Number of protein chains: 2
Amino acid sequence: MIPKRSKYAIQALKCLAKVYREKKHLSIATIAEEENIPRKFLETILLQLRNGGMVGSKMGATGGYFLVKHPDEIVLSSIIRATGGPIALLPCVSLNFYEECTECPHEELCGLHDVMLEVREASIHILSKTSLADLILREKKLLRKSENKRK
Amino acid sequence: MIPKRSKYAIQALKCLAKVYREKKHLSIATIAEEENIPRKFLETILLQLRNGGMVGSKMGATGGYFLVKHPDEIVLSSIIRATGGPIALLPCVSLNFYEECTECPHEELCGLHDVMLEVREASIHILSKTSLADLILREKKLLRKSENKRK
DNA sequence: AAATATACTACTAATTTAATAGGAATTAAA
DNA sequence: TTTAATTCCTATTAAATTAGTAGTATATTT
Ligand code: FES
Ligand code: FES
């Protein structure tokens, strides 16, 4: 499971992606309300994303946050990583939260390690080819599909 | 990440799988030492696996645990599930730990949900085709490979 | 009987994550 | 130049989860 922090980050960035073309920026409060995220919590998340160079901010009244890259270029795996979420199922196969398995004598000889590497690769493959733009596109498709059903 | 509990369970079952043919059973203490797992913790894990019908036990002196199914038929996904480990990256796409996303208005219209479903499917696909027997086989292959390298 | 196991339940400790608090700094507009 | 709106930053608290332990009952073999 990824932390809520990472999920909230994805939601917030999706929100910003939607206004990217108009070069608008959104305030924390706006995003928090839109996406049902606790405002103060979101504040720390956006700060983290800004320090990680994923978003930009403008201070003062009428300030806010905005994407610094095109929604096509921001992929889910980097958002999860930037917010400290592990993708792998075991620490010994995690790129960013690597920890040795004290109970396994040799990582290179461990069958479980080997399988979990494959799982990680499969997950990362999907998460790093899916961008914010893709996410929005998917939602449009899902909406069309559900409208067709209703008929 | 899956809990340590699940990792320990896989290790312990792999241990039991290795003696399956000889119809032997192993004591908790033996497995704990072999696999570097805290004995008392392993006790609770094996109990859970027994209550879940994955292993059998024999009480009393010379007692111990043994597999009730062939190592070919016990797959990683069921071990992880039996020990309460989530495989999905979000509760809203978890089969066994499902929880609604309070912040997303409609699950069917959520792009993130959609992507995370794919990730879950990919992970489960690997984990449910890998059995204890496969794990042991993999380790044999890894050993051969590392021996060749050393030459 | 003694020794060696599992069965069971409850508890404690440790860690992590989620969320909040509160004020400083910045900017735009009244 | 004051006021209102906003980000910036750090510390703290609260909540939840997980890891691990303790202790005793029960069963089986020798
Ligand atoms: S090395 Fe990590 S599971 Fe064995
Ligand atoms: S419904 Fe779970 S992420 Fe949107």
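All figures in this text were calculated on a predicted structure; none of them were measured in a lab. Proteins come first, then strands; the chains are lettered A, B, ... in the order of their sequence lines, and each starts at number 1. No hydrogens, no waters, no symmetry mates; every other heavy atom, side chains included, goes into these values.
When rounded to the nearest whole Å, the span between CZ of B:Arg5 and P of D:dT21 equals 13 Å. Nucleotide D:dG20 holds its C1' atom 13 Å from the CD1 atom of B:Ile37, rounded to whole Å. Atoms CG (B:Leu47) and C1' (D:dT26) sit 13 Å apart, rounded to a whole Å. Whole-Å rounding puts the A:Glu43 CD to D:dC8 C1' distance at 8 Å. Distance B:Lys7 NZ to D:dG20 C1': 16 Å, rounded to the nearest Å. A:Glu99 places its CD atom 12 Å from the P atom of D:dA19, with the value rounded to the nearest Å. Atom CG of B:Asn36 and atom C1' of D:dG20 are 16 Å apart (whole Å). Protein atom NZ of A:Lys4 is 11 Å distant from nucleotide atom P of C:dT20, rounded to whole Å.
The side chain of B:Pro3 sits closest to D:dA19 out of C:dA7, D:dA19, C:dA19. Closest to the side chain of B:Ala61, from the set D:dC9, C:dA7, C:dA3, is C:dA3. The listed nucleotides are C:dA5, C:dA18, D:dT21; the one nearest the side chain of B:Phe41 is D:dT21. The side chain of B:Met59 approaches D:dT28 more closely than any other nucleotide in the set C:dG23, C:dA18, D:dT28. Relative to the side chain of B:Lys40, the nucleotides C:dA7, D:dA19, D:dC9 differ in distance, and C:dA7 lies closest. Side-chain proximity of B:Pro38 to the nucleotides C:dT27, D:dT29, D:dT21 is greatest for D:dT21.
Mapping A:Gly60 and A:Ser6 onto DNA chain C by nearest heavy atom places A:Ser6 closer to the 5' end of the strand. Nearest-nucleotide mapping onto DNA chain D: of A:Gly63 and A:Arg50, the residue sitting toward the 5' end is A:Gly63. When each of B:Leu42 and A:Thr62 is assigned the nucleotide of DNA chain D with its nearest heavy atom, A:Thr62 is the one assigned upstream, toward the 5' end. Between A:Ile2 and A:Lys58, it is A:Ile2 whose nearest contact on DNA chain C lies nearer the 5' terminus.
With a 4.5 Å cut-off on side-chain heavy atoms, A:His113 and A:Val93 count as touching. A heavy-atom distance below 4.5 Å is not found between the side chains of A:Leu26 and A:Glu34.
A salt bridge links B:Lys40 and B:Glu43; the closest N-O separation between the charged side-chain nitrogens and carboxylate oxygens is under 4.0 Å.
Counting non-hydrogen atoms under 4.0 angstrom, B:Ile28 reaches the backbone sugars and phosphates but no base.
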Could you walk me through whether B:Leu16 and B:His25 pass the side chain to side chain contact (heavy atoms under 4.5 Å, CB included) check?
CA-CA 7 Å; B:Leu16 291 175; B:His25 50 257; over 6 Å; no

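For B:Gln48 and C:dC8, a side-chain-to-base donor-acceptor distance below 3.5 Å is absent, hydrogens and geometry of angles not being considered.
Shortest non-hydrogen contact noted between B:Pro71 and B:Ser131 is O-CB, 3.3 Å.
In this structure, A:Ser57 reaches the D:dC8 phosphate: one of its side-chain N or O atoms is under 4.0 Å from OP1 or OP2. Between C:dA19 and A:Tyr8, a contact under 4.0 Å exists linking OP1 or OP2 to a side-chain N or O.
B:Glu139 places a side-chain N or O within 3.5 Å of a backbone atom of A:Gly111 that can act as its donor or acceptor partner.
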